[in-house]
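Not measured: the values here are computed from a predicted model.
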Amino acid sequence: QMDWALKNGYAVAMPYTRFYAARDFLSGPYEFISVIEALKTFPDIDPARIGLEGGSLGGFTTVYAISRSDKPLTIKAAVAAVPPIDFDAAQTYYFESLNTLQPADNLRHASQDFATPYGNRMYLSMGRTKSAAWAAMSNTNTARDLTTPLLLYSGTDDMMVPVSETTNLYNSAKANGKRVNRYIYQNGPPLFATKSARQAAHGVLDSSSPVKAGRVLKENFFFYNMP
């Protein structure tokens with residue numbers, strides 16, 4: 001999507017966060033905040049027309065960057081595709097629910113092997129014992145602290161991040177009076193019997209017209225909020 005942004009007059013910054021060097025989950029959102037605050041000081045950047053976008057872990061980083069009560073971020077709009085938000089729900093999905101949803105041992109083990117390194121980074125953020133830190137990383141608490149108009153989108157056949165992550169965050173944000181929109185594309189059910197989470201990724205039909213429609217919706221969302 002960089003080409004679209006550049007062709008329409010937006011400057012683009014792509015932070016490569018230390019999360020990818022095996023840091024904890026919460027390091028990424030704070031690094032995003034630091035990058036954006038630095039960008040606001042650039043003479044050729046309009047600080048009143050800054051947006052943020054990310055997908056998957058980038059979607060997580062986007063949502064958490066605009067919901068840090070200890071370091072509020074002021075920007076015009078944010079878009080998060082297939083974002084994992086509730087860490088307790090994510091752990092339950094991969095290490096409990098998949099035991100039933102994915103009966104084939106090899107597929108279930110492949111899914112859980114994929115999730116394990118991310119789980120370890122969750123523990124770096126919050127510890128291994130369920131506590132207030134775990135509760136803070138929930139849809140409910142995250143929605144309460146959102147500071148920016150937000151567009152969420154995901155598909156029903158996503159096996160890496162269940163569509164419930166998007167719908168639950170949307171519902172919580174609406175209940176808190178936040179400016180949030182969602183787009184759920186119907187790609188059919190997850191293929192638990194034939195695919196692992198790694199194989200299916202964020203759905204097996206990611207090049208389909210519903211996904212393209214979501215991109216158009218995102219572009220219009222930025223145009224509306226950052227004309």
Exercise. Rounded to the nearest 0.5 Å, what separation is found between the OH atom of Tyr170 and the CG atom of Leu152?
Worked result: 9.5 Å

Exercise. Can you tell if the side chain of Lys178 reaches within under 4.5 Å of the side chain of Leu150, non-hydrogen atoms only?
Worked result: no

Exercise. Would a 4.5 Å heavy-atom cut-off, applied to side chains only, mark Arg128 and Asn120 as touching?
Worked result: yes

For this session: Establish whether Val161 and Ile184 are linked, either directly or via other cluster members, by ILVMFWY side-chain heavy-atom contacts under 4.5 Å.
Result: no

Seminar exercise, completed: CD (Gln199) and CG (Leu107) are apart, to the nearest 0.5 Å, by 6.0 Å

For this session: Kindly indicate whether the side chain of Val82, heavy atoms from C-beta on, has any atom under 4.5 Å from the side chain of Tyr153.
Result: no

Exercise. Side chains of Asp88 and Ser138: closer than 4.5 Å at any heavy-atom pair?
Worked result: no

For this session: Hey, could you give me the OH/CD distance between Tyr16 and Glu31, rounded to the nearest 0.5 Å?
Result: 11.5 Å

Exercise. Can you find a heavy atom in the side chain of Trp134 that is under 4.5 Å from one in the side chain of Met122?
Worked result: yes

Exercise. Do Thr156 side-chain atoms and Gly188 backbone N/O form a donor-acceptor pair below 3.5 Å?
Worked result: yes

Exercise. Taking C-beta and beyond as the side chain, do Asn181 and Lys174 meet within less than 4.5 Å on heavy atoms?
Worked result: no

Problem set entry | Pairwise distance CD1(Ile85) to OG1(Thr140) - rounded to 0.5 angstrom | 12.0 Å

Exercise. Is it the case that Ser111 and Gln102 place a side-chain donor and acceptor less than 3.5 Å from each other?
Worked result: yes

For this session: Taking Ser172 for its side chain and Leu169 for its backbone only, find out whether a donor-acceptor pair lies under 3.5 Å.
Result: no

Problem set entry | Phe222 and Glu53: CA distance, side-chain angles, deciding distance, side-chain contact (heavy atoms from CB on, under 4.5 Å) verdict | CA-CA 10 Å; Phe222 278 136; Glu53 176 195 3; 4.0 Å; yes

Problem set entry | Ring geometry between Tyr118 and Phe25 (parallel below 30°, tilted from 30 to 60°, perpendicular above 60°) | perpendicular

For this session: Working to the nearest 0.5 Å, report the span between OG1 of Thr61 and CD1 of Ile66.
Result: 11.5 Å

Exercise. With distance as the sole criterion, is a donor-acceptor pair present between the side chains of Asp70 and Tyr30 under 3.5 Å?
Worked result: yes

Exercise. Do Lys71 and Ser34 come within less than 4.5 Å of each other through their side chains, counting heavy atoms only?
Worked result: yes

For this session: Begin from the C-alpha positions of Tyr64 and Thr142 and carry the test side-chain hydrogen bond (donor to acceptor under 3.5 Å, both in side chains) through to its verdict.
Result: CA-CA 7 Å; Tyr64 274 86; Thr142 303; 3.2 Å; yes

For this session: Take Leu146 and Asn176, measure what side-chain contact (heavy atoms from CB on, under 4.5 Å) needs, and give me the verdict at the end.
Result: CA-CA 9 Å; Leu146 288 171; Asn176 279 275; over 6 Å; no

For this session: Run the numbers on Leu52 and Ile36 for side-chain contact (heavy atoms from CB on, under 4.5 Å), then give the verdict.
Result: CA-CA 9 Å; Leu52 182 60; Ile36 291 172; 4.1 Å; yes

Problem set entry | Arg68: salt bridge (charged side-chain N to carboxylate O under 4.0 Å, His left out) partners, not counting sequence neighbours | none

Exercise. Looking only at heavy atoms, what is the nearest atom pair of Lys40 and Leu73, with distance?
Worked result: NZ-CD1, 4.5 Å

Problem set entry | ring pair (Phe, Tyr, Trp, His ring centres under 6.0 Å) assessment of Phe223 paired with Trp4 | CA-CA 12 Å; Phe223 278 141; Trp4 168 83; 5.5 Å; yes

Exercise. Do you know which two heavy atoms are closest between Arg108 and Asn99, and how far apart they sit?
Worked result: CD-OD1, 3.2 Å

Exercise. For the atom pair CE (Met137) and CD (Gln91), what is the distance rounded to the nearest 0.5 Å?
Worked result: 13.0 Å

Seminar exercise, completed: Nearest heavy-atom approach of Ile33 to Ala65 is CD1-O, 3.5 Å

Seminar exercise, completed: Minimal heavy-atom distance between Met226 and Arg49, with the atoms involved, is O-NH2, 3.4 Å

Problem set entry | Thr74 and Thr147, any side-chain heavy atoms less than 4.5 Å apart | no

For this session: Please report the C-alpha distance between Val79 and Thr62 in whole Å, then the side-chain angles of each, then the deciding distance to 0.1 Å, and finally whether the side-chain contact (heavy atoms from CB on, under 4.5 Å) criterion is met.
Result: CA-CA 7 Å; Val79 175; Thr62 294; over 6 Å; no

Problem set entry | ring pair (Phe, Tyr, Trp, His ring centres under 6.0 Å) assessment of Phe60 paired with Phe87 | CA-CA 10 Å; Phe60 154 81; Phe87 281 16; 5.4 Å; yes

For this session: Using modelled atom types only, decide if a donor and an acceptor are shared between the side chain of Gln186 and the backbone of Gly155 within a distance under 3.5 Å.
Result: no

Problem set entry | Atom OH of Tyr10 with >12 non-hydrogen neighbours under 6.0 angstrom | yes

Seminar exercise, completed: Residues Asn141 and Ala135: closest non-hydrogen pair is ND2-O, 2.7 Å

Problem set entry | Minimum heavy-atom distance Met159-Ala200, with the two atoms named | SD-CB, 3.3 Å

